[in-house]
Asks: 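My structure is below; once you've seen it, I'll send some questions.
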Amino acid sequence: VKRWLIAAVVLLLGKARRAARLPERERIVPRGRPDRGAELAVFWLLIAAAVCGVGFPVVYALDPPHQTQFLGLSLGLCLAFLAAACVVLANRLVVTEHLEEDYPVTEHPAEQEDLEQLVDESGDRFTRKRLIVVGAGAAGAALGVALLTPAASLGPVFDIEPFFRTPWRRGRLLVDENGRPFLADDVEEETFYTAFPQGADREQMGAPLVVVRLPKAELELPPERRGWAPDGIVAYSKICTHAGCAIALYRTPTFRPTQPRPALVCPCHYSTFDPARAGEVIFGPAGRALPQLPLAVDSTGHLRAAGNFSGAVGPSWWGVRNRRPHA
Amino acid sequence: MIRRAVRFLDQRSGTAPLIRKSLRYVFPDHWSFLLGEVALYSFLVLVVTGIYLTLFFEPSLASVTYHGSYAPLQGSEMSQAYRSTVDISLEVKAGLLIRQTHHWAADIFVASIVLHLLRIFFTGAFRKPRDLTYYIGLSMLLLALLEGYLGYSMVDDLLSGMGLAIGYAVAASIPFVGANLAALLWGGPFPGKHAFESRMYVAHVFVFPILIATLIAVHLLLVAARHHTQFAGRRATERKLVGMPMFPAYAPRSIGLALAVAAVLFLLGGLVQINPIWIWGPYHVADATNGAQPDWYLGWLIGALRLVPSFDVTIGSYTLVPNAFWGGAAFPLVVFLVLFLWPWGERRVTGDRGFHNLLDRPRDAPWRTAFGAALFTWVFLIFFAGAGDRLFVLFGLSYSLQIWIFRVLVVVAPAVALVVTKRVCDELRAGEAVGADRRAAEAEAASAAELTAARTLVPTSGEVRR
C-alpha cells in the first residue's frame, strides 16, 4: 500500500511540475522555493490521517468495549491530522502572498437615479395613486389574514376554559404513582408524597399533588380553609406557580436544623412555599401561592378531595387569578 | 486535465471570469476573523450529524414501555421520542458518537457566534456599510438559541420536559395574549397535544435550519460584496485592503480550520460525555430534579428567572405581568433590542454616517467599549447567577444570600464596568499619545543630531541613526 501511495504521489507531483513548466506566460502566483522537508511532513500527516480513518470502520466492526470513545478518537484524529497537513501545506508549501486590493466603490449614484426614474416613469399612467394603494393595502391585509387563519387550528386560541380545568372534584380518591390509595394514617410527617387523582390522566398540570403532614399546632390556614387539612394533612398542586416545574423538594428541619419551618421548594428557580400557611411564597420568584386542594378522610380512612383547588394551577397568565378551577 | 475541467465548466456556465476573480479574493488576516468561520463549520457539522440522527429519531409522544438493554429503565413508561433517543445512544452503533458530537457542535456553534458578535461589536465592524450584515448575524444568533432549545426539548427526557415547562410558562406570561399564544403553540395547556412534538421536530429539522442556512448565505454574500474589514496598517487603509488571496494562500488555511473544528467536535463527541439522557429518565408532568442546568447558552435566562423577586403585577383580579415574563422574555428582549438598535443609536449620537472599512481598536471608541463592557457584564453576571445552586453545592455559600448579592451586583457591577472601562481606554490612549510624542521628539532629536553630525563631518552617525 505504502509503495503504491508513494508512486501515486510521485506521479502527481511530476505531472504538476511538468504542467507548471509548460506555460510561458507571465506568472500570476509568484515563484517560491521548494521545501522537501515540508512535503515529507505533509505526506506523513496524510498517511497518519489515512491510518486513523481506516481505524473507524475497524473499530465499528470489532465492536470493542468503549466503542464510542475509540470511534471518536479515530475520526477525530483523522480530521486532526488532515487539519495539521493543511496547516503545514499552507505555511510551508503554498505561496503566501500579501496582495493589495481596492475596496469596492461605496455606491453607484447614476444607477440609483436610474432606478428611481424607472419606477417613477412606470407609474405615469396612474392618476389616482392613493386609490390603488388603499385598494392594494386592503387586499393585501385581507389575504394575509386569510392565509393566517388556518393557523388558528393549532390550538384553542380563544378558548381559555381548559386553563381552569383540573381532574379534581369532591370525593375523588388520592392515589400514589402505582395507583394505590393513600390511607390518612400512613401519611407521615417530615416527608412528602406525590398524589394523583384516581382514574384520571396524570400528564396534565392540574393532576399531581404534593401531600405533607404537619403538626396540627403549626398549621396557620385562613379561617375558611380550616376544614381542608384533616389530621394536619395538607395537599397542594405540585406544579410551581412561577414556571410550571414540579415541586420536587421538601425542606424540613430534620436535615436542615437552621431552617425555621418546613418548606416546599421548586428545583428550577427555587421558589419556596410554606405548606403550613396556605402555600404562600416565602422565597424565590413565584408570584402566587400554591393552589391548595381541600382534603377529607372517608369512612375507610382514605384521603379524598373535598372539592377543587383554591385557585388555578400552573404558571401565571393574565386571567389566572380570575376564578377557581372546575372539574 | 485542469485546462479541460475549466473549459468544460466555462463553456457550460460562463463563469471563468467570476471564478478567476473569486480565487484572488483578498482575505485580511487576524485571528479574531476566524470566529465566524468556526461558527460556519460547526453549522456544517450540525447539519451532517443532524441528518444522521433524523434517520433514527421518532418524533412521537405515544407511550411505550421500555424493554431495551439499559437495566435501570426496564419497564418504564416513556414516549417514543425518548425511547428512540435512548436507543440511538445505547443500541445504535456509532449513534452515541454522532448524538454527542451534534450536541457539542450546537454548544460550540452558539459560543463562536457570541464571540464573533463580541469581536464585531468592540471593533465597530457593524458600522456602515456592514450594518445589514450585522443585523442578519444577530438574527442568526436568535434563531440558533431557539434551534438549540428545540433540539434538546424534543428528546422528552426529564430535563427537556422541565425546560419545556419553563418555556411554556414564559410564553403564557406575555401580557394579555400569553395564554392564548401558549394554547396555540402547544395545542392547549401544558403539556399540550401530542402534535406539539411534531411541531418542535419540523421546526428543528426543517424550518429553523433552512432559515439559518439562508441567512448564512446572505450574510456571506454581503461580506463578499463589501469585502472584509481590517485593522489599520502601513498599507491597509480605508480604501485599500491587504491580505492573502483565496487561492492558493487562504484556501488551505480555511480548510485546515474546518477540519480542525470538525476534529475537536468529534473528539469531544467521542471522549467527553454530554447530556446522558438515559440517566435523567423520561419526563412526566409530576417529575423534576434538583441541580438541573440548561445548555450554557440558555444559562442567562435561568439566571434572570431566578433573580427576579417574588411578585406578579396585578390590576384587580387580572395579572398584567406574570413574574416569569421579566426573566424569560423581557430580559432577552432588552439585550437583543440594545444590540439591534446599537448601530442606529451610535450613528445618531456620534453623527458619524460615513463608510468604515477600518476597524476601531476598542480603546479608540471608549464610550462604545465602555457601554459594551457594561452590557456584557450585566448579561454575564445574570448568567453566573443561574449557577448559584452549583456554587452552593461546591462551596456551601448560602443560596438565598447569593441571590441577594447577585441582585445588588447586577445593578452595581455594570456601572462600575462602564466607568472602569472608559477610564482604561482613556489611559491607554493617553499613554499612546505620550509614547507617540516621545517617539516624534526622539526622531526629531535624532535627525537634528544627524544633521549636526553631518555638518561637523564626524562619522559616528551610525549609532544615532534609527
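In what follows, every heavy atom counts, from backbone to side chain, and hydrogens, waters and symmetry copies are set aside.
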Asks: Would a distance-only check, ignoring hydrogens and angles, find a side-chain to backbone donor-acceptor pair under 3.5 Å from B/D312 to A/H242?
Replies: no

Asks: Heavy-atom pairs under 4.5 Å with chain B are the metric here; pick the option from A/G244, A/G319, A/P156, A/A151 that has the most.
Replies: A/P156

Asks: Any idea which of B/T101, B/L241, B/L267, B/N180 has the most non-hydrogen atom pairs under 4.5 angstrom with chain A?
Replies: B/L241

Asks: For chain B, which candidate among A/A286, A/A243, A/C240 shows the most heavy-atom pairs at distances under 4.5 Å?
Replies: A/A243

Asks: Does a donor on one side chain sit under 3.5 Å from an acceptor on the other, for A/E101 and B/H227?
Replies: yes

Asks: In terms of heavy-atom proximity below 4.5 Å to chain B, should A/I239 be classed as side chain, backbone, both, or neither?
Replies: side chain

Asks: Which region of A/F283, side chain (C-beta onward) or backbone (N, CA, C, O), has a non-hydrogen atom less than 4.5 Å from a non-hydrogen atom of chain B, or is it both or neither?
Replies: side chain

Asks: Is the shortest distance from a Lys or Arg side-chain nitrogen in A/R323 or A/E161 to a carboxylate oxygen in the other one below 4.0 Å?
Replies: yes

Asks: Please classify the contact between A/V94 and chain B as side chain, backbone, both or neither, with a heavy-atom cut-off of under 4.5 Å.
Replies: side chain

Asks: Are the aromatic ring centres of A/F164 and A/H326 under 6.0 angstrom apart?
Replies: no

Asks: Which atoms of A/A80 come close to chain B, meaning under 4.5 Å heavy atom to heavy atom: side chain ones, backbone ones, both, or neither?
Replies: both

Asks: Tell me, for A/T241 versus chain B, whether the close heavy atoms (under 4.5 Å) come from the side chain, the backbone, both or neither.
Replies: neither

Asks: Can you say whether A/L73 sits under 4.5 Å from chain B via the side chain, the backbone, both, or neither, judging by heavy atoms?
Replies: both

Asks: With a 4.5 Å cut-off on side-chain heavy atoms, are B/R234 and B/V242 touching?
Replies: no

Asks: Please state whether the side chain, the backbone, both or neither of A/A61 comes within less than 4.5 Å of a heavy atom of chain B.
Replies: backbone

Asks: At a heavy-atom separation under 4.5 Å, does B/K193 approach chain A through its side chain, its backbone, both, or neither?
Replies: side chain

Asks: Which of the residues A/V265, A/N322, A/L249, A/L75 is involved in the greatest number of heavy-atom pairs with chain B at under 4.5 angstrom?
Replies: A/N322

Asks: Between A/D102, A/L99, A/T96, who has the most heavy-atom pairs with chain B when the cutoff is under 4.5 Å?
Replies: A/L99

Asks: So for B/S89, is it side chain, backbone, both, or neither that comes closer than 4.5 Å to the heavy atoms of chain A?
Replies: neither

Asks: Assert yes or no for the condition that the ring centre distance of A/W318 to B/F176 is strictly below 6.0 Å.
Replies: no

Asks: Side chain, backbone, both or neither: which part of B/Y168 has a non-hydrogen atom closer than 4.5 Å to chain A?
Replies: side chain

Asks: Under a 4.5 Å heavy-atom cut-off, does chain A meet the side chain of B/A225, its backbone, both or neither?
Replies: backbone

Asks: Output the option from A/T272, A/N91, A/T194 having the highest count of non-hydrogen pairs under 4.5 Å with chain B.
Replies: A/N91

Asks: Of all of B/R235, B/Q100, B/M244, which one pairs up most often with chain A through heavy atoms under 4.5 Å apart?
Replies: B/R235

Asks: What residue in B/P252, B/A292, B/G256 has the most heavy-atom pairs under 4.5 Å with chain A?
Replies: B/P252

Asks: Side chain, backbone, both or neither: which part of B/R3 has a heavy atom under 4.5 Å from chain A?
Replies: neither

Asks: Could you check whether any side-chain N or O of B/S173 sits under 3.5 Å from a backbone N or O of B/F325, counting only pairs where one atom can act as donor and the other as acceptor?
Replies: yes

Asks: In terms of SG positions, are A/C245 and A/C268 separated by less than 2.5 Å?
Replies: yes

Asks: Looking at A/T106, A/V87, A/L82, which makes the most heavy-atom pairs under 4.5 Å with chain B?
Replies: A/T106

Asks: Has the side chain of B/K93 got a donor or acceptor atom that lies under 3.5 Å from a matching backbone atom of A/Y60?
Replies: yes

Asks: Which bit of A/V88 comes within less than 4.5 Å of chain B, counting heavy atoms only: side chain, backbone, both or neither?
Replies: neither

Asks: Any side-chain donor-acceptor pair under 3.5 Å between B/S254 and B/Y41?
Replies: yes

Asks: If you count heavy-atom pairs under 4.5 Å between each of B/V261, B/L259, B/V272 and chain A, which one has the most?
Replies: B/L259

Asks: Under a 4.5 Å heavy-atom cut-off, does chain B meet the side chain of A/F70, its backbone, both or neither?
Replies: neither

Asks: Below 4.0 angstrom, N of the basic side chain to O of the carboxylate: do A/E97 and B/R24 qualify?
Replies: yes

Asks: Among B/G328, B/G187, B/A258, single out the residue with the greatest number of heavy-atom pairs under 4.5 Å to chain A.
Replies: B/G187

Asks: Hey, is the main chain of A/Y270 close enough, under 3.5 Å, to the side chain of B/R306 for a donor-acceptor pair?
Replies: no

Asks: Contact part of B/Q273 toward chain A, heavy-atom cut-off under 4.5 Å: side chain, backbone, both or neither?
Replies: neither

Asks: For B/E238, does its backbone N or O pair with a side-chain atom of B/N357 as donor and acceptor, under 3.5 Å?
Replies: yes

Asks: Quick check against the 3.5 Å criterion: does B/T49 have a side-chain atom that pairs as donor or acceptor with the backbone of B/V45?
Replies: yes

Asks: Which atoms of A/F196 come close to chain B, meaning under 4.5 Å heavy atom to heavy atom: side chain ones, backbone ones, both, or neither?
Replies: side chain

Asks: Which atoms of A/A84 come close to chain B, meaning under 4.5 Å heavy atom to heavy atom: side chain ones, backbone ones, both, or neither?
Replies: neither

Asks: Checking heavy atoms, do the side chain of B/I302, its backbone, both or neither come under 4.5 Å from chain A?
Replies: both

Asks: Do other residues, nucleotides or ligands put more than 12 heavy atoms under 6.0 Å from B/R239 CZ?
Replies: no

Asks: Within the distance-only criterion (no hydrogens, no angle test), does the side chain of A/R288 pair as donor or acceptor with the backbone N or O of A/G314 below 3.5 angstrom?
Replies: yes

Asks: Using a strict 4.0 Å threshold on nitrogen-to-oxygen distance, state whether B/R253 and B/D29 make a salt bridge.
Replies: no

Asks: So which part of B/P309 gets closer than 4.5 Å to some heavy atom of chain A, the side chain, the backbone, both or neither?
Replies: backbone

Asks: Quick check on A/E100 against chain B: is it the side chain, the backbone, both or neither that has a heavy atom closer than 4.5 Å?
Replies: both

Asks: Tell me, out of B/A94, B/P322, B/G188, B/G243, who's got the most heavy-atom pairs with chain A below 4.5 Å.
Replies: B/G243

Asks: For the side chain of A/E203 and the backbone of B/V285, is there at least one donor-acceptor N/O pair under 3.5 Å apart?
Replies: yes

